[in-house]
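Below is one structure, written out as structure tokens, with a few remarks after it.
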Amino acid sequence: MGRPLVSTWIMALWAGRWPPGVSCCSRRRQSSSLSAHPAGAARTVVVANGCAMPDLPPWVETVQLAENLGVTGGRNAALEHLSDMDLVLDLDDDGLLVSDDVFATITALYAADARLGIVGFRIADESGVTQRRHVPRLRAGDSMRGGEVTGFLGGAHVLSVKMLQEVGHWPGMFFFAHEETDMAWRAIDAGWRVRYAPQLLLQHPRTSPARHAFFYQVNARNRVYLARRHLPALLVPVYLGVWVALTLARTRSLSGLRAWFGGFAEGWRTECGRRKPMRWRTVFRLARLGRPPVI
């Protein structure tokens with residue numbers, strides 16, 4: 001097998017997500033960081049998700065969406081554009097690649113494992129600190145411990161196109177939040193592996209997911225979607241009960257709680273796509289990897 005064709009795509013500004021000047025600057029920095037890699041991507045694509053396309057270098061391909069389709073819709077548009085590639089690297093527009101061996105490392109990881117479906121990057125802020133929530137394990141004390149995991153971060157990850165052809169693209173109805181869990185569960189259930197590779201680093205401004213106004217709503221709605229789509233019937237009340245309890249214990253904002261429970265109800269009354277419960281051997285595999293699908 002020859003060197004795989006690795007493509008890169010960057011999610012451009014959602015309408016209203018950040019002040020335009022900030023986001024356009026971040027995209028220029030991101031494209032500059034990509035161009036600094038001598039053996040880089042075969043193709044680079046920027047998706048403008050319901051916003052104006054900024055000025056970009058001539059080697060960058062663009063996909064203009066007329067409306068904001070969310071994270072999942074933007075990613076699916078990029079994947080359709082890059083269907084002739086072997087691997088697709090997805091980067092947030094406000095992140096920055098800081099190492100010059102990213103593509104060589106990606107190529108080596110996939111060459112060593114024919115069933116490697118997803119590789120997740122380590123994300124650190126400008127001071128080099130990785131937030132606990134950015135480590136894809138329950139025991140998140142050591143951000144430098146790589147290996148097989150049950151999930152990955154949306155800000156920087158690689159997807160095998162062969163895997164996508166088997167398990168499908170992103171769930172469009174999610175829009176934003178927990179779509180990576182949905183993808184990881186489908187991949188693992190189909191026999192693919194998800195690997196956390198901390199040597200692959202994306203520098204990203206320190207943020208909180210609650211900066212998005214609808215965070216609490218979609219967080220709860222998509223938890224219900226995950227349970228309805230993927231969990232065996234016996235685990236649905238356990239998984240959702242655990243997250244109700246955790247939300248009540250962690251959330252100090254009454255408006256946040258109202259939005260969360262509103263999203264929880266929405267998750268039951270709206271369409272979430274086809275139900276295909278994971279096999280029990282997948283449940284046990286997730287548990288062996290350190291994160292059973294009840295938390």
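- In this structure, the separation between CH2 on Trp268 and CG on Leu240 is 5.5 Å, given to the nearest 0.5 Å.
- Remark: Phe174 engages Tyr225 in a ring-ring contact (aromatic ring centres under 6.0 Å, His included) (not counting sequence neighbours).
- Within the 3.5 Å criterion, the main-chain N or O of Gly70 finds a donor-acceptor partner in the side chain of Asn49.
- Between the Arg137 side chain and the Arg145 main chain, a donor and an acceptor come within less than 3.5 Å of each other.
- Shortest non-hydrogen contact noted between Leu91 and Ala156 is CD2-CB, 3.9 Å.
- Note: Phe284 and Trp280 have tilted aromatic rings, judged against thresholds of 30 and 60 degrees for the angle between ring planes.
- The backbone N or O of Gly267 lies less than 3.5 Å from a partner atom in the side chain of Arg228, making a donor-acceptor pair.
- Considering every non-hydrogen atom in both Ser143 and Pro198, the closest pair reads O-CB, 3.5 Å.
- Checked by atom type and distance alone, the side chain of Thr130 pairs as donor or acceptor with a backbone atom of Ile123 at under 3.5 Å.
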Name every donor-acceptor pair, under 3.5 Å, that has one atom in a side chain of residues 288-295 and the other anywhere in the protein, sequence neighbours excluded.
{"residue": "Arg291", "atom": "NE", "partner": "Ile295", "partner atom": "O", "Å": "3.1"}

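- Val135 and Leu201 fall into different hydrophobic clusters, where Ile, Leu, Val, Met, Phe, Trp and Tyr are joined by side-chain heavy atoms under 4.5 Å apart, directly or via other members.
- Side chain of Glu67 to main chain of Cys51: no donor-acceptor pair is present (N/O by atom type, distance under 3.5 Å, no hydrogens or angles).
- His157 has its ring centre less than 6.0 Å from the ring centre of Trp170.
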Practice task
In sequence, state the C-alpha distance, the side-chain angles, and the governing distance for Phe214 and Arg221, and then conclude on side chain to side chain contact (heavy atoms under 4.5 Å, CB included).
Solution key: CA-CA 11 Å; Phe214 54 36; Arg221 183 197 66 191; over 6 Å; no
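- For the salt bridge (Lys or Arg N to Asp or Glu O under 4.0 Å) test, residues two or more places apart in sequence or in another chain that qualify with Arg285 are Glu148.
- The shortest side-chain heavy-atom distance between Val149 and Val194 falls under the 4.5 Å cut-off.
- The shortest heavy-atom contact between Asp92 and Gly154 is OD1-O, 4.3 Å.
- A pairwise comparison of heavy atoms in Phe175 and Leu69 identifies CE1-C, 3.6 Å as the closest pair.
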Determine all donor-acceptor pairs shorter than 3.5 Å in which one atom belongs to a side chain in residues 229-238; sequence neighbours excluded.
{"residue": "Arg229", "atom": "NE", "partner": "Asp182", "partner atom": "OD2", "Å": "2.8"}
{"residue": "Arg229", "atom": "NH1", "partner": "Cys272", "partner atom": "O", "Å": "2.8"}
{"residue": "Arg229", "atom": "NH2", "partner": "Asp182", "partner atom": "OD1", "Å": "3.3"}
{"residue": "Arg229", "atom": "NH2", "partner": "Asp182", "partner atom": "OD2", "Å": "3.3"}
{"residue": "His230", "atom": "NE2", "partner": "Asp182", "partner atom": "OD2", "Å": "2.5"}

Handout entry: Full working for side chain to side chain contact (heavy atoms under 4.5 Å, CB included) between Glu166 and Arg186
Key = CA-CA 10 Å; Glu166 182 177 348; Arg186 283 185 282 133; over 6 Å; no
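- With values rounded to the nearest 0.5 angstrom, Gln217 atom CD is found 5.0 Å from Glu266 atom CD.
- Between the side chain of Asn222 and the backbone N or O of His178, no donor-acceptor pair lies under 3.5 Å.
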Practice task
Please step through side chain to side chain contact (heavy atoms under 4.5 Å, CB included) for the pair Met183 and Met163, ending with a clear verdict.
Solution key: CA-CA 10 Å; Met183 178 70 78; Met163 178 205 72; 4.1 Å; yes
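- Counting heavy atoms from C-beta on, the side chains of Asn76 and Leu79 come closer than 4.5 Å.
- Here CE of Met53 is found 8.0 Å from CG of Leu65. Values are rounded to the nearest 0.5 Å.
- Residues Thr247 and Phe264 have side chains not in contact (no heavy-atom distance under 4.5 Å, counting atoms from C-beta outward).
- Counting heavy atoms from C-beta outward, Val63 and Glu80 have side chains that stay 4.5 Å or more apart.
- Using a 4.5 Å heavy-atom cutoff, the side chains of Val224 and Trp243 are not in contact.
- Looking at every heavy atom in both residues, Leu202 comes nearest to Leu96 through CD1-N, 3.4 Å.
- Distance CH2/Trp192 to CG/Leu164: 9.0 Å, rounded to 0.5 Å.
- The pair Asp84-Arg43 meets the salt-bridge criterion, since a charged nitrogen lies less than 4.0 angstrom from a carboxylate oxygen.
- With sequence neighbours excluded, the residues forming a side chain to side chain contact (heavy atoms under 4.5 Å, CB included) with Val129 are Asp125, Ser127, Arg206, listed by chain and number.
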Practice task
Go through the steps for Tyr239 and Leu226 under the test side chain to side chain contact (heavy atoms under 4.5 Å, CB included), then give the verdict.
Solution key: CA-CA 10 Å; Tyr239 177 80; Leu226 283 172; 3.5 Å; yes
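- Considering only residues two or more places apart in sequence or on other chains, Ile106 meets the side chain to side chain contact (heavy atoms under 4.5 Å, CB included) condition with Leu87, Leu89, Val102, Tyr110, Phe121, Val158, Leu200.
- In this structure, Thr72 contributes its side chain and Gly172 its backbone to a donor-acceptor pair below 3.5 Å.
- Under the 4.5 Å side-chain heavy-atom criterion for Ile, Leu, Val, Met, Phe, Trp and Tyr, Leu97 and Met144 are members of distinct hydrophobic clusters.
- Here CG of Leu109 is found 12.5 Å from CZ of Arg193. Values are rounded to the nearest 0.5 Å.
- Contact record, Gly151 with Ala184: CA-CB, 4.0 Å, taken as the closest heavy-atom pair.
- Atom CG of Leu138 sits about 7.5 Å away from atom OG1 of Thr150, to the nearest 0.5 Å.
- Linking Ile, Leu, Val, Met, Phe, Trp and Tyr residues whenever their side-chain heavy atoms come within less than 4.5 Å places Val45 and Met85 in a single cluster.
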